[in-house]
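In what follows, a single structure is set out as structure tokens and then discussed.
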Amino acid sequence: MTTMRHRSAFVREMGLGPVWKLREQAEEEVISTERHEPVQDDTQMRHDFAEVPSMAETFSADAPPAFFDEIPWDEGVVAEEQPTTVHNVANMEWDELEQVMLQCTACGLCEKRTQVVPGAGGRKASWLFIGEGPGFYEDQQGKPFVGASGKLLDNMFRAMQLKRGDDVFITNIVKCRPTDEKGKDRPPSLDEAKACRPFLDRQITLIQPEVIVALGRTAATMLLNTEAQASLASLRGKVHAYRTLEGLDVPLIATYHPAYLLRQPVEKRKVWVDLCLAMQEKALRA
């Protein structure tokens with residue numbers, strides 16, 4: 001049977017620290033803890049353990065070990081690789097806002113885009129025209145409403161005695177082109193619109209438009225927070241109130257998107273009626 005002296009030597013060689021023993025016992029006395037034999041007098045043992053500092057006394061919450069703040073694993077830099085969020089744009093001015101848009105990866109649209117399309121026009125324009133999202137040509141050029149639909153929109157402006165880039169600002173619900181699995185244009189999803197909405201809200205705050213014209217059903221329903229299935233026919237022909245983040249009501253008129261008019265030119269007359277309604281509302285606010 002192993003003696004206490006031999007046990008202590010083994011422990012010292014292994015670096016395991018001291019072995020507790022009763023002081024009254026002879027050093028050669030056999031310790032029978034392996035067989036769980038009862039110890040007759042453990043008063044001194046309890047006293048010896050009481051001398052060991054408690055964990056609360058050894059460690060201080062105000063002074064962690066120096067190595068505590070070290071992060072030796074890769075997860076320590078993951079935060080820098082996360083998608084850019086757009087929730088802190090409320091106080092941004094134009095240049096910073098557009099720079100954040102150009103770098104945004106807050107939704108999946110960033111994966112297939114060629115260019116971000118923030119919008120264009122007068123930064124204090126009275127008129128704000130909002131579509132649903134960039135198309136193929138917009139994605140290629142980084143400008144809103146180019147190609148055939150853009151030329152038709154320019155004709156609408158000319159009929160209203162307006163001009164692109166002066167008293168008109170043009171943008172979309174989302175700033176990157178939404179496409180389906182075949183690479184064709186599609187309306188943005190609600191999640192995509194929600195991810196991009198802080199950008200649009202900030203643009204509206206900076207512009208402070210007198211009238212907003214929603215181009216197409218998708219833009220109208222998302223701006224007015226109506227049912228996504230609501231028809232444009234049920235929304236056009238009336239003046240809606242768009243409530244800004246500052247609590248101001250801006251008149252909003254819904255009408256057909258220029259791309260739709262290229263497919264259904266007979267609806268142009270209805271659009272002219274809507275634009276006349278918008279001009280009347282603008283005149284009332286002059």
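- For Arg285 against Pro251, the heavy-atom pair with the smallest separation is NH1-CD, 3.5 Å.
- For Tyr260, the OH atom counts as densely surrounded, since its 6.0 Å shell holds more than 12 non-hydrogen atoms of other residues, nucleotides or ligands.
- Counting all heavy atoms, side chain and backbone alike, Ala125 lies closest to Ile207 at O-CG2, 3.3 Å.
- Under the side-chain hydrogen bond (donor to acceptor under 3.5 Å, both in side chains) criterion, Arg113 pairs with no residue, sequence neighbours left out.
- One distance of note links CD of Glu96 with CG of Asn91; it measures 9.5 Å at 0.5 Å rounding.
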- Item | Derivation of the salt bridge (Lys or Arg N to Asp or Glu O under 4.0 Å) call for Arg164 and Asp154 | CA-CA 7 Å; Arg164 181 192 291 248; Asp154 286 338; 2.9 Å; yes

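- Under the rule for a side-chain contact (heavy atoms from CB on, under 4.5 Å), the partners of Ala219 that lie at least two apart in sequence or sit in another chain are Ile173, Ala214.
- Within the 3.5 Å criterion, the main-chain N or O of Ser234 finds a donor-acceptor partner in the side chain of Lys238.
- Val117 and Phe136 fall into different hydrophobic clusters, where Ile, Leu, Val, Met, Phe, Trp and Tyr side chains are chained together by heavy-atom contacts under 4.5 Å.
- Thr171 places a side-chain N or O within 3.5 Å of a backbone atom of Pro118 that can act as its donor or acceptor partner.
- Sorted by first then second residue, the salt bridge (Lys or Arg N to Asp or Glu O under 4.0 Å) pairs that include residues 203-215, not counting sequence neighbours, are Glu210-Lys282.
- Atom CH2 of Trp127 is separated from atom CE of Met160 by 3.5 Å, given to the nearest 0.5 angstrom.
- Atom OG1 of Thr179 and atom NZ of Lys184 lie 12.0 Å apart (nearest 0.5 Å).
- With sequence neighbours excluded, the residues that form a side-chain hydrogen bond (donor to acceptor under 3.5 Å, both in side chains) with Glu246 are Thr205, Thr244.
- Note: the hydrophobic cluster containing Leu245 does not contain Val211 (ILVMFWY, side chain heavy atoms under 4.5 Å, direct or indirect links).
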I'd like a table of donor-acceptor pairs (distance under 3.5 Å, sequence neighbours excluded) in which one partner is a side-chain atom from residues 141-153, with atom names and distances.
none

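- Heavy atoms only, all atoms of each residue included: Leu261 and Lys268 are closest at CD2-N, 3.9 Å.
- Remark: Leu206 CG to Lys124 NZ distance equals 6.5 Å, nearest 0.5 Å.
- Inter-residue side-chain proximity for Phe199 and Val116 is flagged as unmet; no heavy-atom pair is nearer than 4.5 Å.
- The salt bridge (charged side-chain N to carboxylate O under 4.0 Å, His left out) search around Asp95 returns Arg123, not counting sequence neighbours.
- Checked against side-chain hydrogen bond (donor to acceptor under 3.5 Å, both in side chains), Asp249 has the following partners two or more places apart in sequence or in another chain: Arg243.
- Clustering ILVMFWY residues whenever any of their side-chain heavy atoms sit less than 4.5 angstrom apart, transitively, puts Leu223 in a cluster other than the one holding Leu248.
- Sequence neighbours left out, not one pair with a member in residues 206-249 passes ring pair (Phe, Tyr, Trp, His ring centres under 6.0 Å).
- For Asp201, the salt bridge (charged side-chain N to carboxylate O under 4.0 Å, His left out) partners are Arg197, not counting sequence neighbours.
- Closest approach of Ala220 to Leu235, counting heavy atoms only: CB-CD1, 3.9 Å.
- Under the 4.5 Å side-chain heavy-atom criterion for grouping Ile, Leu, Val, Met, Phe, Trp and Tyr, Tyr137 is not connected to Leu215 through any hydrophobic cluster.
- Applying the salt bridge (charged side-chain N to carboxylate O under 4.0 Å, His left out) test to Asp274 and every residue at least two apart in sequence or in another chain returns Arg236.
- Across all their heavy atoms, Leu128 and Pro209 have their closest contact at CB-CB, 3.8 Å.
- For the atom pair CD1 (Ile253) and SG (Cys276), the distance works out to 11.5 Å, reported to the nearest 0.5 Å.
- Considering Gln115, Gln203, Glu98 in turn, Gln203 is the only one that fulfils the side chain to side chain donor-acceptor pair (under 3.5 Å) rule with Lys175.
- Annotation: side chain of Cys107 is not in contact with side chain of Asp191 (no heavy-atom distance under 4.5 Å).
- Surrounding CZ of Arg269 are at most 12 heavy atoms belonging to other residues, nucleotides or ligands under 6.0 Å away.
- Residues Leu162 and Val273 are members of separate hydrophobic clusters, defined by side-chain heavy-atom contacts under 4.5 angstrom among Ile, Leu, Val, Met, Phe, Trp and Tyr.
- Taking 4.5 Å as the limit, every side-chain heavy atom of Glu138 sits out of range of all side-chain heavy atoms of Arg177.
- Rounding to the nearest 0.5 angstrom, the gap separating the CG atom in Leu97 from the CZ atom in Arg202 is 7.5 Å.
- The side-chain heavy atoms of Leu252 and Ile130, taken from C-beta on, include no pair separated by under 4.5 Å.
- For the side-chain hydrogen bond (donor to acceptor under 3.5 Å, both in side chains) test, residues two or more places apart in sequence or in another chain that qualify with Thr218 are Glu132.
- A pairwise comparison of heavy atoms in Pro178 and Val174 identifies CG-CG2, 4.0 Å as the closest pair.
- Within the structure, every pair that satisfies the ring pair (Phe, Tyr, Trp, His ring centres under 6.0 Å) test and touches residues 161-180, not counting sequence neighbours, is listed here: Trp94-Phe169.
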